[in-house]
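Inspection log for the structure reproduced underneath, given as C-alpha cells.
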Amino acid sequence: MKRIIVYALLLCVAAGASAQRHILSFGLRGGTENLLVRTEQDASGKFGYAAALDINHDFIFHPERNVAWGLRIGLSAGYTGTRFAGDFRQQFVNTDYLGNEMDYTVSGNFNNKIDGCFMEVPLLATMRTHGYYLGVGAKMQTYLYNYFTQTITNPVIEAEFPDIGPKITNEMVTGQLPDKKEGKVDRDNFLRANLSVGLETGYEWQLKSKTYIGVCVYAYYSVWNSF
C-alpha cells in the first residue's frame, strides 16, 4: 500500500470562550475516509468511517477588522475504519516429498478491514469575516494502534505436475480452503505517521459576547505516510 487518502465530509460543532485575540474551541466530528490502494494484486478502496474529538486554539490577528486572519493549532483524538477489497492470483513452484516440482496457482477474492485509534495535530492558517470561517493547512497524524481483519472468498488452489499431469483443483492433498475464510491479524504495535493537507470551511454564530457555536466541513488528502 503506497498511499492513503483521507477525504472527510463532517459536521463539526464547537463552542468556545473568546478573548480579544484568542479562541479556545471544542469540537466533535464524524465523516468518512478512503484508501488509494497500490498493491501487487487488483484492489480498490471503499469508504469507511472516522470520528474524533478536537481541541483547538486560534490566535486572531486584528479581530476588529472585517477580514481577520489567524493561526490555529490543536490536538485531536479519534477512531477510524477503512476497507479495501479485490481479487488475487498468485503462481509459484512447490516440491513434493520425492523432489518433483509442482506448479501452483492460487486465486480468489479478498476483503480487508482496517481499524485503529489515532491522534493528530493540525496547523492551519485561518480567515474569518462576518461569521464565515476558512482554514487551510496541514495535519500530522499518528496511530496509537491499528489492526486489520481479512476475509478470503471463492478460493481456488490448482496444482499440476508439468511433466506428468493431471491438474488437481481444490483437493485436500494439495491444499484446500473453505469457501469463506476469515482471519484477524494481531494489532500493529509499530508507530504509523501520516501527513495530510486540506481545508476547512464553515460558519460561526455568536451566542454571547465571548461564546460561539459553529458548523464546518473539511477535506484532507495524504501527501506522505509510513503505512
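Residue numbers count from 1 along this sequence. Values reported hereafter were calculated over all heavy atoms of this structure, with side chains retained and with hydrogens, waters and symmetry mates removed.
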Do [X] and [Y] have side chains that get closer than 4.5 Å, going by heavy atoms?
X    : Y    : result
R72  : S25  : yes
N94  : D103 : no
P122 : N56  : yes
R21  : P63  : yes
T105 : R89  : yes

Exercise. For L199, enumerate each residue passing the side chain to side chain contact (heavy atoms under 4.5 Å, CB included) test, keeping only those at least two apart in sequence or located in another chain.
Key: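 V136.
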Quiz item: Who are the side chain to side chain contact (heavy atoms under 4.5 Å, CB included) partners of L195, not counting sequence neighbours?
Solution: A138, M140, V223, W224
Quiz item: Do the side chains of V106 and V156 join up, straight or via other hydrophobic residues, at under 4.5 Å, putting them in one cluster?
Solution: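 No, V106 and V156 fall in different hydrophobic clusters.
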Quiz item: Where do F59 and F61 land on the ring pair (Phe, Tyr, Trp, His ring centres under 6.0 Å) test, with the steps shown first?
Solution: CA-CA 7 Å; F59 183 83; F61 304 97; 4.9 Å; yes
Reported [atom1]-to-[atom2] distance for the pair [X] and [Y], which is rounded to 0.5 angstrom:
X    : Y    : atom1 : atom2 : value
I60  : R65  : CD1   : CZ    : 13.0 Å
L53  : L28  : CG    : CG    : 6.0 Å
I23  : Y212 : CD1   : OH    : 6.0 Å
L124 : L134 : CG    : CG    : 9.5 Å

Self-check item: E200 vs V217, side chain to side chain contact (heavy atoms under 4.5 Å, CB included): CA-CA, chis, key distance, verdict
Solution: CA-CA 6 Å; E200 305 177 0; V217 295; over 6 Å; no
Quiz prompt | Contact list for residues 124-135, test salt bridge (charged side-chain N to carboxylate O under 4.0 Å, His left out), sequence neighbours left out | solution = D58-R128, R128-E204
Quiz item: Has Q206 got more than 12 heavy atoms of other residues, nucleotides or ligands less than 6.0 Å from its CD?
Solution: yes
Under the rule for side-chain hydrogen bond (donor to acceptor under 3.5 Å, both in side chains), what residues qualify as partners of [X], not counting sequence neighbours?
X    : answer
T201 : Y132
Y203 : none
T126 : none
H57  : H22

Self-check item: Exam field: side chain T82 to backbone L35, donor-acceptor pair closer than 3.5 Å
Solution: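 No, the answer is negative, given that no donor and acceptor are paired below the 3.5 Å cut-off.
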Quiz item: Hey, is the main chain of A193 close enough, under 3.5 Å, to the side chain of S226 for a donor-acceptor pair?
Solution: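 Side chain of S226 to backbone of A193, a donor-acceptor pair under 3.5 Å: yes, one is there.
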Which donor-acceptor pairs under 3.5 Å do the side chains of residues 166-173 make with protein atoms, sequence neighbours left out?
unit_1 : atom_1 : unit_2 : atom_2 : d
N170   : OD1    : I157   : N      : 2.8

Quiz item: Going by atom types only, do N194 and S222 share a side-chain donor-acceptor pair under 3.5 Å?
Solution: yes
Quiz item: Does the side chain of Y104 come under 3.5 Å of the side chain of E158 through a donor N or O and an acceptor N or O?
Solution: no
Quiz item: Partners of F161 by ring-ring contact (aromatic ring centres under 6.0 Å, His included), sequence neighbours excluded?
Solution: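 Scan of F161 (ring-ring contact (aromatic ring centres under 6.0 Å, His included), adjacent residues dropped) gives none.
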Practice problem: Report the residues that fulfil ring-ring contact (aromatic ring centres under 6.0 Å, His included) with Y79, sequence neighbours left out, ordered by chain and then residue number. | Solution: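 With sequence neighbours excluded, Y79 shows a ring-ring contact (aromatic ring centres under 6.0 Å, His included) to no residue whatsoever.
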Run the side-chain donor-acceptor check on residues 107-117: report pairs under 3.5 Å with partners two or more places apart or on a different chain.
unit_1 : atom_1 : unit_2 : atom_2 : d
N109   : OD1    : N154   : ND2    : 2.8
N109   : ND2    : D87    : OD1    : 2.5
D115   : OD1    : Y49    : OH     : 2.6

Practice problem: Give the minimum heavy-atom separation between P162 and M102, together with the two atoms involved. | Solution: CD-CA, 4.5 Å
Exercise. Identify the heavy atoms of D54 and S76 that sit nearest to each other, and give their distance.
Key: OD1-OG, 2.5 Å
Self-check item: Test salt bridge (charged side-chain N to carboxylate O under 4.0 Å, His left out) applied to E120 - qualifying residues, sequence neighbours left out
Solution: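 For E120, the residues satisfying salt bridge (charged side-chain N to carboxylate O under 4.0 Å, His left out) (neighbours in sequence not counted) are R29, K139.
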